[in-house]
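Here is the naming used below: chain letters follow the sequence lines, and residue numbers restart at 1 for every chain.
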Number of protein chains: 2
Amino acid sequence: MLAAHPDETVRGTRAPGQASNSLDQRMAYATVRRLRAKEHVFCEGDEREHVFRVEEGVIAVYKTLPDGRRQIIDFAYPGDLIGLGVIGEHVLSAQATVPSKVRCLAAAALERIAETDAGLALKLYKAVCQELAATRNLLVTVGQRSAIERVAAFLISLHRRTAAEGAATINLAMRRSDIADLLGLTIETVSRTLTKLRGMGVIDLEQGATRVQLCDLPRLAELANE
Amino acid sequence: MLAAHPDETVRGTRAPGQASNSLDQRMAYATVRRLRAKEHVFCEGDEREHVFRVEEGVIAVYKTLPDGRRQIIDFAYPGDLIGLGVIGEHVLSAQATVPSKVRCLAAAALERIAETDAGLALKLYKAVCQELAATRNLLVTVGQRSAIERVAAFLISLHRRTAAEGAATINLAMRRSDIADLLGLTIETVSRTLTKLRGMGVIDLEQGATRVQLCDLPRLAELANE
DNA sequence: CGGCGTTTTGAGATATCTCAATGGGAGTGG
DNA sequence: CCACTCCCATTGAGATATCTCAAAACGCCG
């Protein structure tokens, strides 16, 4: 499995020049790549040529075992960077769960700039630290929580990361299998747990199983054990 | 629960002056703190004043849920740094599993130096990236592997990180409960799995359940699914 | 030698998985 | 516009890995 050939990339729009820092400046000149659902951004073993920023959609970052089992490490939403903190080749794969857009940055160039631009270097460092914190939280969830706690925790984190202020509805923008592979469960357990939560009146499922209304956020947080 | 009061720290020995870089230089002048088994280096919520380097023993870095369940994020062995990649207060706790020694570095001072010393900054960055990679691997183990695969993977990683070249014996230097909380299992399952591995002739247990001989490393790797 | 903390072992309970069938929605072609 | 298909989600029933509770054995230290 290989990432799609780069010739499907398209030229990015030039920004009007008022970018506020060098990361945004670089981003403004970067190419944008459109991805269909399930298309890969990059795969484990690929040479690491770019760092990406998600513009639209959701990118699942994951690792696989030799026998095909898959663990999703993180979902990247618009604004998130992926492909950081790597030296040689990718040790992870990244795949769009729905039609998405990512902005591509030459990794080597970025790092060259970071060497002289302390602000950019700090920004990259912070991004990696944040990723580390998120991964640790997921590890706690997967290692210690029950199915219902995991799903509740997932819904809450999705809400925090993607919902507009005050909005109580979230868009899953992924299949049950993606959620299952994030949480270390099966799709059946995810499905059953979601229906159980609906039965409890904590959430409501709409529109082809992809939109979720969080009816009782405090209760959901309680069910997640924070 | 709070970390032990700092007045139990002792002065570090001065290095003879041939430290090869600024991290080692700082380390040479840092104080050393001795820890008894189960003593804390720091706790979640403590102000982050130091970064530590393990000199002797093993430090378990962990997070807890409100109801007390504990997930160990990593074991830090001699040479490893802990307390990096944090902004304000600690979001993790760190506790010695056996009598240990850590070298204490003022975090603020370290970061001030890193601002001008690109080599040190890079070293810290690399350390965080490495931590991220290790945490991701553990996440895959906990999320996807069976009990026997988890234990096998743990033994292999312990061997890689601590065993001398060619040595086939490892020192657990921790209780079953620590292994269980790392792998997301119970102590009983860890114990049973270890006896099963012994029954299969892959390992041997000696000396009060703390030393493990890896009789058949290739087989163990196979059992771990890499 | 006695006591304490830890590990091992056993037996039964259970959460989650596996396998299988059903149902719904979106896209396609007649 | 209606079948047809494909993919995905849901639901059910039975299997099982792991957990829970309990007891016994071990090893260490005073």
Side-chain angles (χ1 to χ4, degrees), chain A residues 36-39 58 60 67-71 95-99 141-152 154-155 171-199 203-212 223 225, chain B residues 36-39 60 67-71 95-99 141-152 154 171-199 203-212 223 225:
Chain A
R36 289 182 295 275
K38 297 193 186 172
E39 196 175 339
V58 182
D67 65 1
R69 279 173 285 177
R70 177 176 79 142
Q71 176 67 46
Q95 181 186 36
T97 64
V98 288
T141 294
V142 169
Q144 301 298 326
R145 294 198 230 249
S146 68
I148 196 166
E149 292 171 327
R150 292 186 212 193
V151 172
F154 166 70
L155 292 174
N171 191 345
L172 291 185
M174 64 192 64
R175 264 151 265 107
R176 296 289 181 266
S177 61
D178 296 317
I179 303 175
D181 288 347
L182 178 81
L183 299 177
L185 300 169
T186 59
I187 57 179
E188 294 95 331
T189 299
V190 171
S191 179
R192 276 187 252 269
T193 305
L194 248 12
T195 19
K196 186 190 281 189
L197 286 172
R198 189 181 46 189
I203 65 169
D204 205 12
L205 299 166
E206 322 160 12
Q207 222 188 78
T210 171
R211 290 190 72 74
V212 179
L223 284 169
N225 265 297
Chain B
R36 288 182 296 274
K38 296 195 188 171
E39 195 175 340
D67 65 2
R69 278 173 284 176
R70 177 176 81 141
Q71 176 66 47
Q95 181 185 37
T97 65
V98 289
T141 294
V142 169
Q144 301 298 326
R145 294 199 230 248
S146 69
I148 196 165
E149 291 171 328
R150 294 186 210 191
V151 172
F154 165 70
N171 192 344
L172 292 184
M174 65 193 64
R175 262 151 266 109
R176 296 291 182 264
S177 62
D178 296 317
I179 302 174
D181 288 348
L182 178 82
L183 299 178
L185 300 170
T186 58
I187 57 178
E188 294 95 331
T189 299
V190 171
S191 179
R192 275 188 252 270
T193 304
L194 249 11
T195 30
K196 187 191 280 188
L197 286 172
R198 189 183 44 188
I203 65 169
D204 205 11
L205 300 165
E206 323 160 10
Q207 221 189 77
T210 174
R211 291 191 71 77
V212 179
L223 284 169
N225 266 294

Donor-acceptor pair, distance only, cut-off 3.5 Å: does the side chain of A:R175 make one with the backbone of A:I187?
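Side chain of A:R175 to backbone of A:I187: no pair is present.
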
In whole Å, what is the span from the [atom1] atom of [X] to the [atom2] atom of [N]?
X: B:L205; N: C:dT8; atom1: CG; atom2: P; answer: 7 Å
X: A:L194; N: D:dC8; atom1: CG; atom2: P; answer: 17 Å
X: B:E206; N: C:dT8; atom1: CD; atom2: C1'; answer: 18 Å
X: A:Q144; N: D:dC19; atom1: CD; atom2: C1'; answer: 13 Å
X: B:R145; N: D:dT18; atom1: CZ; atom2: C1'; answer: 18 Å
X: A:R198; N: D:dT10; atom1: CZ; atom2: P; answer: 7 Å
X: A:I148; N: C:dT16; atom1: CD1; atom2: P; answer: 9 Å
X: B:I187; N: D:dT20; atom1: CD1; atom2: C1'; answer: 11 Å

Output yes when at least one side-chain N/O atom of [X] is less than 4.0 Å from OP1 or OP2 of [N], else no.
X: A:R176; N: D:dT10; answer: yes
X: B:R175; N: C:dT6; answer: yes
X: B:T186; N: D:dT18; answer: no
X: B:S177; N: C:dT6; answer: no

Have a look at A:L185 and say if it touches a base, only the backbone sugar-phosphate, or nothing, with a 4.0 Å heavy-atom cut-off.
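Contact class for A:L185: sugar-phosphate only.
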
How do A:T189 and B:E188 order along DNA chain C: which one's closest nucleotide is nearer the 5' end?
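Comparing both residues, the 5'-ward one is B:E188.
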
A:R192, nearest nucleotide to its side chain (from C:dT16, D:dT18, C:dT18)
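Selected nucleotide (nearest to the side chain): C:dT18.
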
Which nucleotide in C:dT6, D:dT11, D:dT20 has an atom nearest any side-chain atom of B:K38:
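Selected nucleotide (nearest to the side chain): C:dT6.
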
Taking side chain as C-beta onward, heavy atoms only, is A:N225 less than 4.5 Å from B:R69?
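A side-chain contact under 4.5 Å exists here.
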
Any side-chain heavy-atom pair of B:V151 and B:K196 under 4.5 Å:
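Not in contact.
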
Before accepting this row, confirm whether a basic side-chain N of the pair B:D178/B:K38 lies closer than 4.0 Å to the acidic partner's carboxylate O.
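B:K38 and B:D178: not salt-bridged.
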
So among B:L197, B:L194, B:L172, B:D204, which one has a side-chain contact (heavy atoms from CB on, under 4.5 Å) with B:V212?
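Passing option: B:L172.
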
